[in-house]
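Accompanying notes for the structure given below.
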Protein chains: 2
Amino acid sequence: MEETNHQPHLCDKVEHSYQLIGKKWIGLIIHSLLDEPKRFSEIHAYIPDLSKRVLNERIKELEESGIILRNVITDRPVRVEYSLTRKGNELGKALKAVEAWAEKWL
Amino acid sequence: MEETNHQPHLCDKVEHSYQLIGKKWIGLIIHSLLDEPKRFSEIHAYIPDLSKRVLNERIKELEESGIILRNVITDRPVRVEYSLTRKGNELGKALKAVEAWAEKWL
DNA sequence: AGAGATCGGTTACTTTTAGTAACAATCGAA
DNA sequence: TTCGATTGTTACTAAAAGTAACCGATCTCT
C-alpha cells in the first residue's frame with residue numbers, strides 16, 4: 001500500500017471475484033471445461049500459449065477455490081480428467097455474458 | 001510456446017476478452033466507474049491496493065481499447081475525469097453477472 | 001525384451017509484470 | 001510564499017509468468 005485514505009465501500013466478495021477472474025488464463029480454462037471435462041493435455045492443446053507450469057498452478061488454485069474437480073479415472077490407461085463443479089459451472093455461465101459482449105464489441 | 005499440437009477452435013474475440021478482463025485490476029476499475037465518472041485520485045482511493053503507476057498504465061490501456069474516456073474539465077482548478085464509454089458500460093454490465101455469482105458462491 | 005512415445009507433471013532459470021517510494025509540474029488556498 | 005492536492009513519472013525491487021529440459025509410470029511397436 002502506498003497512501004492511506006481508503007475510506008469507503010467495495011464488497012469483499014466482489015473484490016475477491018475480480019481477483020479470481022483477474023488472473024491470467026483463468027477465464028479461458030473455465031471456458032474450456034464448460035462443455036465437457038477435459039484432460040490436462042487437452043486443456044493444454046486448447047490453450048497452447050498457456051504453459052504446463054502455469055496450467056498446473058491454475059488448476060491447483062481452481063481446485064482450492066472449489067471451481068474445478070480432479071478426477072482420476074482408474075481405467076487402463078489411468079487418466080486424469082478435470083471438470084467444473086456446480087460453482088464453477090455457474091461462474092462459466094456468468095462469464096458467457098462477457099463473451100457475448102466480446103462478440104458484439106470486439 | 002512449448003509444444004505444437006494446437007489443433008482446434010477458440011474464437012479470437014472471446015480469447016481477446018479474457019485477455020482483457022484477465023489483467024489484474026481491470027475488473028475493479030470498470031466496476032468503480034459504473035455508477036459515475038471518477039477522478040484519478042478517486043479511483044485510487046476506491047482501490048487503495050492498486051498503485052498509481054499501474055492505475056495509470058491500466059487507464060491508458062482501457063482508453064486505447066475504447067472502454068474508458070479521459071475528460072479534462074477546464075474549470076478552475078482543472079480536473080481530469082474518467083468515464084466509461086458505451087462499450088465500457090456494457091462490459092461493466094456483463095461483469096455484473098460475475099458479481100452476482102460472487103454474491104451467491106463466495 | 002527393448003526402444004520410443006504419451007501423459008501429467010516438476011525443476012531450474014529467464015523475462016515480464018506489478019509494487020514501492022521518491023520526485024515533479026501545476027494550481028489554489030492560507 | 002509556503003503548503004497541500006492533483007495527476008502523473010521515474011528508478012528500483014519483488015512477484016508472476018514463460019521456457020526448456022527432465023521424470024516416473026504406463027503403453028505401443030517390433
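Remember, predicted model here, so these are calculated numbers, not experimental data. Reckoned from all heavy atoms, side chains included, excluding hydrogens, waters and symmetry mates. The sequence lines fix the lettering, A, B, ..., with proteins before strands; numbering per chain opens at 1.
Closest to the side chain of B/Arg39, from the set D/dT6, D/dG18, D/dC27, is D/dT6. Side chain of B/Lys52, nearest nucleotide from C/dG9, C/dC23, C/dA18: C/dC23. The side chain of B/Lys24 sits closest to C/dG19 out of C/dG19, D/dA17, C/dG9. You'll find that the side chain of B/Ser41 is closest to D/dT6, out of D/dG8, C/dG9, D/dT6.
Between A/Asp75 atom CG and D/dT26 atom P there is a gap of 14 Å when expressed in whole angstrom units. Here C/dT17 presents its C1' atom at 8 Å from CD of B/Glu57, a figure rounded to the nearest Å. Rounded to whole Å, atom C1' of C/dA21 lies 16 Å from atom CG of B/Asp49. Rounded to whole angstrom, the span from the NZ atom of B/Lys38 across to the C1' atom of D/dT7 amounts to 17 Å. Rounded to an integer number of Å, the gap from A/His44 NE2 to D/dG18 P is 10 Å. The separation between B/Leu50 atom CG and C/dT17 atom C1' is 13 Å, rounded to whole Å. Between B/Ile73 atom CD1 and D/dT6 atom C1' the separation is 13 Å, expressed in whole Å. Distance B/Asn56 CG to C/dC23 P: 19 Å, rounded to the nearest Å.
Taking side-chain N and O atoms only, B/Tyr82 has a distance below 4.0 Å to OP1 or OP2 of D/dG8. Of the side-chain N and O atoms in B/Trp25, none sit less than 4.0 angstrom from OP1 or OP2 of C/dT17.
Judged by distance alone with a 3.5 Å cut-off, no donor-acceptor contact links the side chain of B/Arg53 to the base of D/dT9.
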Apply the test side chain to side chain contact (heavy atoms under 4.5 Å, CB included) to residues B/Arg79 and B/Val72: give CA-CA distance (whole Å), side-chain angles for both, the deciding distance (0.1 Å), then the verdict. CA-CA 6 Å; B/Arg79 291 174 300 128; B/Val72 179; over 6 Å; no
What do the steps show when you test A/Phe40 against A/Glu81 for side chain to side chain contact (heavy atoms under 4.5 Å, CB included), and what is the final call? CA-CA 7 Å; A/Phe40 186 92; A/Glu81 271 191 0; over 6 Å; no
Stepwise side chain to side chain contact (heavy atoms under 4.5 Å, CB included) check, B/Val54 with B/Arg58: CA-CA 6 Å; B/Val54 174; B/Arg58 282 304 100 94; 3.9 Å; yes
Going through the checks in order, is the side chain to side chain contact (heavy atoms under 4.5 Å, CB included) test met by B/Leu106 and A/Lys87? CA-CA 9 Å; B/Leu106 298 181; A/Lys87 182 179 176 183; 4.0 Å; yes
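Each of A/Val78 and A/Lys60 has a nearest nucleotide on DNA chain C; the 5'-most of these lies closest to A/Val78. Place A/Arg58 and B/Arg70 on DNA chain D by their nearest nucleotides, and B/Arg70 ends up nearer the 5' end.
Under 4.0 Å is where a charged nitrogen must lie from a carboxylate oxygen, and between A/Lys13 and B/Glu99 no such pair does.
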